[in-house]
Enquirer: 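The following block contains the structure, expressed as structure tokens.
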Amino acid sequence: MSFWKWGLVGLVFSAFVFTVGAVELGRNQPTERISGSAGDVLEDDPVGRLKVFVYELPSKYNKKILQKDPRCLTHMFAAEIFMHRFLLSSAVRTLNPEEADWFYTPVYTTCDLTPNGLPLPFKSPRMMRSAIQLISSNWPYWNRTEGADHFFVTPHDFGACFHYQEEKAIERGILPLLQHATLVQTFGQRNHVCLKDGSITIPPYAPPQKMHAHLIPEKTPRSIFVYFRGLFYDVGNDPEGGYYARGARAAVWENFKDNPLFDISTDHPTTYYEDMQRAVFCLCPLGWAPWSPRLVEAVVFGCIPVIIADDIVLPFADAIPWEDIGVFVDEEDVAQLDTILTSIPPEVILRKQRLLANPSMKQAMLFPQPAKPGDAFHQVLNGLARKLPHDRSLFLKPREKALNWTAGPVGDLKPW
């Protein structure tokens, strides 16, 4: 697009500044209720619809790991920690396993961090196997179904495939002992070996209190058209280029780095949260995995998420109308982002903003402490409740076994 055309588009945008600003949860804002079954599901109350038994494991599987590295409380995989804490005091918890609908095993498989704060998944399979061996030896409930009435939180890049590189994650596949269990995971991509049927896709953890502290006046105009901060290339892990983000992020930079409507950079300013609240569209492209905390941040700050991740399975898709609040752009169409976004009618943009202003939408994306009705904790429970009652065919005959305890890479079979 020529300089003069960019200038004309900029003038048009300047004349129409969108003023549905930063929204604090619970504030009286222009909003629109989510219509149809999605709205009803979003507002479901799981209490009274299921009972969960929490296994008491030795602290080496959870609390001691966290004591060793408290950074695990703030990284984007922290849902496994906060889900455990929530369930311990939840009204759905039962101390009587005989009356439980679901069994939860609190294992912190992402809390093994590099000096840079990135989780190393290499010990995770052995750790998970060890925990399953423990509960199957000390309680009778795993053996009744080989885990079909158990759920695990596995928030790695590629869930229970336990690797951060997709090729190797695909090669590994889901840990064999988890084949019957329900996985609660951030990773979601259709027709992918690391997403099994029946999994519950959740948002990554983003710190609610930190975001709340950066709210700006709600009438602040949205004067940024498109906003993004993050990597476009990962030279260290993808020196030849083209593999990281399947080239989508590189295409954003190469096509729009000089476009005045695109505020994009690798810098991460201290005003990052404030800037998102001043933006109309926030890019949410895939990285090594299809998901990232940007999706949570965009929804919470009322910035229309532009989702660039083919075949992504989004969090709580039966409760959140992603097609209505976001914009989906195929990875192969990234070069047309400018045309796609500038051609969206203002009334469509305003409706998306009204839906994003709905406090229930924002609450469902967060893991607050303490928990609040309708938050991500409760959406997980809603997902589990909708799977009940369990099909009786899941229960095995005495001494019947289906899982292969020796399947998987040799390294996974070593003691943990």
Side-chain angles (χ1 to χ4, degrees), residues 1-10 12-13 76 157-158 164-170 186-192 194 204 222 224-269 272 275-276 278-299 303-314 322-323 325-344 348-349 352:
M1 186 178 285
S2 69
F3 172 81
W4 298 109
K5 191 170 183 181
W6 284 132
L8 178 60
V9 171
V12 171
F13 174 66
M76 60 184 174
D157 293 270
F158 291 95
Y164 58 85
Q165 292 182 338
E166 185 172 18
E167 285 185 355
K168 293 182 180 179
I170 291 173
T186 44
F187 173 75
Q189 183 173 316
R190 289 186 292 275
N191 304 314
H192 199 285
C194 298
R222 291 190 177 269
I224 301 170
F225 191 58
V226 181
Y227 187 75
F228 176 78
R229 290 294 183 273
L231 289 177
F232 298 99
Y233 307 90
D234 188 345
V235 177
N237 294 298
D238 182 28
E240 296 181 4
Y243 185 65
Y244 177 62
R246 296 196 284 260
R249 292 196 187 198
V252 169
W253 179 250
E254 290 162 7
N255 285 280
F256 304 111
K257 60 185 176 183
D258 298 321
N259 185 321
L261 295 183
F262 282 67
D263 187 345
I264 59 176
S265 172
T266 57
D267 296 333
H268 201 288
Y272 173 70
D275 292 343
M276 293 189 83
R278 297 186 180 98
V280 178
F281 296 105
C282 289
L283 301 185
C284 301
L286 74 161
W288 285 111
W291 59 271
S292 81
R294 289 180 190 82
L295 195 66
V296 178
E297 296 159 351
V299 171
C303 185
I304 298 170
V306 180
I307 299 161
I308 308 170
D310 294 353
D311 294 322
I312 188 171
V313 176
L314 290 160
W322 290 105
E323 294 285 348
I325 66 173
V327 175
F328 290 79
V329 177
D330 291 342
E331 294 166 25
E332 66 179 10
D333 294 333
V334 167
Q336 284 76 52
L337 258 178
D338 54 339
T339 303
I340 292 170
L341 297 180
T342 56
S343 65
I344 299 175
V348 174
I349 292 175
K352 291 180 184 294

Enquirer: Taking Asp333 for its side chain and Val329 for its backbone only, find out whether a donor-acceptor pair lies under 3.5 Å.
Expert: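 No, the answer is negative, given that no donor and acceptor are paired below the 3.5 Å cut-off.
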Enquirer: Backbone N or O of Ile264 within a donor-acceptor pair of the Lys257 side chain at under 3.5 Å?
Expert: no
Enquirer: Show the numbers, then the answer: is there a side chain to side chain contact (heavy atoms under 4.5 Å, CB included) between Asp338 and Leu261?
Expert: CA-CA 8 Å; Asp338 54 339; Leu261 295 183; over 6 Å; no
Enquirer: Give the intermediate values and the outcome of side chain to side chain contact (heavy atoms under 4.5 Å, CB included) for residues Leu341 and Val280.
Expert: CA-CA 10 Å; Leu341 297 180; Val280 178; over 6 Å; no
Enquirer: Can you classify the ring geometry of Tyr272 versus Tyr227 as parallel (below 30°), tilted (30 to 60°) or perpendicular (above 60°)?
Expert: tilted
Enquirer: To the nearest 0.5 Å, what is the distance between CG on Asp275 and NE2 on His268?
Expert: 10.0 Å
Enquirer: Strictly distance-based, threshold 3.5 Å: is any side-chain N or O of Arg222 a donor or acceptor partner for the main-chain N or O of Ala279?
Expert: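 Yes; at least one donor-acceptor contact below 3.5 Å.
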Enquirer: Hey, what do you get for CE (Met76) to CG (Asp157), rounding to the nearest 0.5 Å?
Expert: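 CG of Asp157 is found 6.0 Å from CE of Met76.
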Enquirer: Please give me the minimum heavy-atom distance between Ala251 and Asn255, naming the atom from each residue.
Expert: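 Shortest heavy-atom separation between Ala251 and Asn255 comes out as O-ND2, 2.7 Å.
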Enquirer: Test Phe281 against every option in Ile340, Ile349, Leu337, Ile224 by the side chain to side chain contact (heavy atoms under 4.5 Å, CB included) rule and name the one that passes.
Expert: Ile349
Enquirer: Determine whether Val252 and Pro285 make a side-chain contact, defined as any pair of heavy atoms from C-beta on separated by less than 4.5 Å.
Expert: no
Enquirer: For Lys168 and Phe158: C-alpha separation, side-chain torsions, deciding distance, then whether side chain to side chain contact (heavy atoms under 4.5 Å, CB included) applies.
Expert: CA-CA 10 Å; Lys168 293 182 180 179; Phe158 291 95; over 6 Å; no
Enquirer: Is a side-chain N or O of Asp310 found less than 3.5 angstrom from the main chain of Glu331, in a donor-acceptor match?
Expert: yes
Enquirer: Mind checking whether Trp291 and Val296 have side chains closer than 4.5 Å, heavy atoms only?
Expert: no
Enquirer: Do you know the tightest heavy-atom contact between Pro290 and Gly188?
Expert: CG-O, 3.9 Å
Enquirer: How far apart are the C-alpha atoms of Leu314 and Ile307, what are their side-chain angles, what is the distance that settles it, and do they pass the side chain to side chain contact (heavy atoms under 4.5 Å, CB included) test?
Expert: CA-CA 10 Å; Leu314 290 160; Ile307 299 161; 3.9 Å; yes
Enquirer: Which heavy atom in His192 sits nearest to a heavy atom in Ile170, and how many Å separate them?
Expert: CE1-CG1, 3.7 Å
Enquirer: Which distance, rounded to the nearest 0.5 Å, do you find between the CE of Met276 and the SG of Cys282?
Expert: 3.5 Å
Enquirer: Less than 6.0 Å separating the ring centroids of Phe262 and Phe225?
Expert: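 When the ring centroids of Phe262 and Phe225 are compared, they turn out to be at least 6.0 Å apart.
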Enquirer: Could you walk me through whether Arg229 and Asp263 pass salt bridge (charged side-chain N to carboxylate O under 4.0 Å, His left out), step by step?
Expert: CA-CA 8 Å; Arg229 290 294 183 273; Asp263 187 345; 2.7 Å; yes
Enquirer: Sort out for me which residue in Tyr244, Phe232, Phe228, Tyr233 forms a ring pair (Phe, Tyr, Trp, His ring centres under 6.0 Å) with Trp253.
Expert: Phe232
Enquirer: So how far is it from Asp330 CG to Asp311 CG, rounded to the nearest 0.5 Å?
Expert: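 Reported to 0.5 Å precision, the distance equals 9.0 Å.
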Enquirer: Could you tell me whether the side chain of Arg249 reaches within less than 4.5 Å of the side chain of Asp234, counting heavy atoms only?
Expert: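 Side chain of Asp234 against side chain of Arg249, heavy atoms only: no contact under 4.5 Å found.
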Enquirer: What about Tyr243 and Trp288, are their ring centers closer than 6.0 Å?
Expert: yes
